Amino acid sequence: MEQLYKNGIVKQLSILQEDKDKHVPAKRVNIVSLKLLKESSILYKERAIRSPADGYELIKQFLGDVDREHFLVICVDTKNQPTSLNVCHVGSLNASIVHPREVFKPAILSNAASIIVGHNHPSGQPEPSQEDIHVTKRISEAGKIVGIELLDHIIIGDDKFISLKEKGYL
């Protein structure tokens, strides 16, 4: 067994030596820049988000009556004034796959002090699913790492909403 192991290593080393002797062309590396692009704006009368109800009103104003699940990131400054709103993901009729890196991308680019996330349930029932709770916890943990606090996760339905912060999930 020891001899086979040694022979395997010797064989791998000889393959590596052969690769080293071959001329490999240089790898081209792209030089990029990241920019936040303003697509449009909406007027938010309240100026600052002071409660889950305020967050609900902003999300409802932005989304209107969409037929699929939309996951939003509201970036806020140190005074809880919304600075940008980003549709992070558009899902199907009953699901949305969201990853923390996609949530924090607009927050980092817009220098957000903290974020509020929200999404709609096209069924009209805002009760959180286990996946909603799991995603909220993952986003909260990621926020602690990057230094951008998740203030709330608001789920909206037909003229009603649920705050996961108020429910104790944050």
Side-chain angles (χ1 to χ4, degrees), residues 31-170:
I31 299 170
V32 301
S33 66
L34 299 174
K35 297 177 182 174
L36 204 59
L37 177 66
K38 177 181 168 184
E39 293 177 353
S40 65
S41 64
I42 59 174
L43 190 59
Y44 182 60
K45 294 183 287 183
E46 303 302 319
R47 296 204 53 85
I49 299 175
R50 293 183 176 82
S51 68
D54 289 346
Y56 163 72
E57 289 300 326
L58 179 58
I59 293 168
K60 185 178 169 188
Q61 176 185 349
F62 177 76
L63 285 181
D65 291 323
V66 292
D67 64 344
R68 289 180 291 160
E69 193 167 292
H70 285 63
F71 194 96
L72 307 177
V73 179
I74 302 169
C75 300
V76 298
D77 63 15
T78 56
K79 296 178 182 177
N80 284 357
Q81 297 177 102
T83 58
S84 66
L85 198 149
N86 176 260
V87 176
C88 177
H89 186 76
V90 177
S92 63
L93 291 173
N94 61 358
S96 178
I97 310 299
V98 179
H99 196 281
R101 71 175 162 252
E102 300 303 321
V103 171
F104 285 100
K105 198 180 296 182
I108 291 168
L109 289 173
S110 63
N111 296 317
S114 49
I115 61 170
I116 297 167
V117 297
H119 74 279
N120 63 313
H121 279 177
S123 67
Q125 301 304 313
E127 287 74 28
S129 67
Q130 284 301 327
E131 182 62 21
D132 292 337
I133 295 165
H134 177 70
V135 163
T136 302
K137 289 179 180 177
R138 286 185 65 204
I139 292 169
S140 178
E141 289 300 313
K144 290 173 186 171
I145 292 168
V146 298
I148 301 173
E149 183 183 2
L150 173 61
L151 299 177
D152 203 348
H153 182 166
I154 299 168
I155 303 172
I156 71 169
D158 292 337
D159 297 322
K160 53 189 169 184
F161 72 95
I162 288 182
S163 159
L164 275 86
K165 176 117 180 169
E166 286 182 341
K167 291 286 186 186
Y169 295 113
L170 275 175

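The shown structure was predicted, so the numbers you read here are calculated from the model rather than taken from an experiment. We number each residue from 1, following the sequence as shown.
Looking at S51, S114, S163 one by one, the single match for side chain to side chain donor-acceptor pair (under 3.5 Å) with D152 turns out to be S163.
L36 CG to I108 CD1: the interatomic distance, rounded to the nearest 0.5 Å, is 11.5 Å. Rounding to the nearest 0.5 Å places CG of D158 at 10.0 Å from CG of N120. Of the inter-residue distances, the one linking Y169 atom OH with I133 atom CD1 reads 3.5 Å to the nearest 0.5 angstrom. The distance from the NZ atom of K144 to the CG atom of L150 is 9.5 Å, given to the nearest 0.5 Å. For the atom pair CD of E39 and OG of S84, the computed distance is 11.0 Å after rounding to the nearest 0.5 Å. Of the inter-residue distances, the one linking D54 atom CG with N80 atom CG reads 10.0 Å to the nearest 0.5 angstrom.
The minimum heavy-atom distance between K38 and S41, with the atom names listed, is CE-CB, 4.2 Å. Considering every non-hydrogen atom in both P126 and G124, the closest pair reads CD-O, 3.5 Å. Annotation for A112 and I148: closest pair O-CG1, 3.9 Å, computed over non-hydrogen atoms. Nearest heavy-atom pair across H121 and Q125 is ND1-O, 2.9 Å. Smallest separation of non-hydrogen atoms from C88 and V98: SG-CG1, 4.3 Å.
Side-chain contact between I139 and F104: present, with at least one pair of heavy atoms (C-beta onward) separated by less than 4.5 Å. Side-chain atoms of C75 and N86, non-hydrogen and from C-beta on, never get closer than 4.5 Å to each other.
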For this session: Starting from the C-alpha separation in whole Å, work towards a yes-or-no answer on side-chain contact (heavy atoms from CB on, under 4.5 Å) for K165 and L151.
Result: CA-CA 8 Å; K165 176 117 180 169; L151 299 177; 5.8 Å; no
For this session: Check the pair K137 / H134 against side-chain contact (heavy atoms from CB on, under 4.5 Å), numbers first and verdict last.
Result: CA-CA 5 Å; K137 289 179 180 177; H134 177 70; 5.8 Å; no
For this session: Before giving the answer on ring pair (Phe, Tyr, Trp, His ring centres under 6.0 Å), spell out for H99 and H89 the whole-Å C-alpha distance, their side-chain angles and the decisive distance to 0.1 Å.
Result: CA-CA 9 Å; H99 196 281; H89 186 76; over 10 Å; no
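The existence of a salt bridge linking E141 and R138 is excluded, since no basic side-chain nitrogen approaches an acidic carboxylate oxygen closer than 4.0 Å.
Applying the side chain to side chain donor-acceptor pair (under 3.5 Å) rule to D77 yields the partners Q81; only residues at least two apart in sequence or on another chain are considered. Legend: residues meeting side chain to side chain donor-acceptor pair (under 3.5 Å) with S129, ordered by chain and number and at least two apart, are D132.
Between F71 and H153, the ring planes lie perpendicular to each other; the angle is over 60°, past the 30° to 60° tilted range.
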For residues 58-65, tabulate all N or O donor-acceptor pairs below 3.5 Å that involve a side-chain atom, not counting sequence neighbours.
| unit_1 | atom_1 | unit_2 | atom_2 | d |
| --- | --- | --- | --- | --- |
| K60 | NZ | D159 | OD1 | 3.3 |
| Q61 | NE2 | L43 | O | 2.9 |

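In this structure, H119 contributes its side chain and V117 its backbone to no donor-acceptor pair below 3.5 Å.
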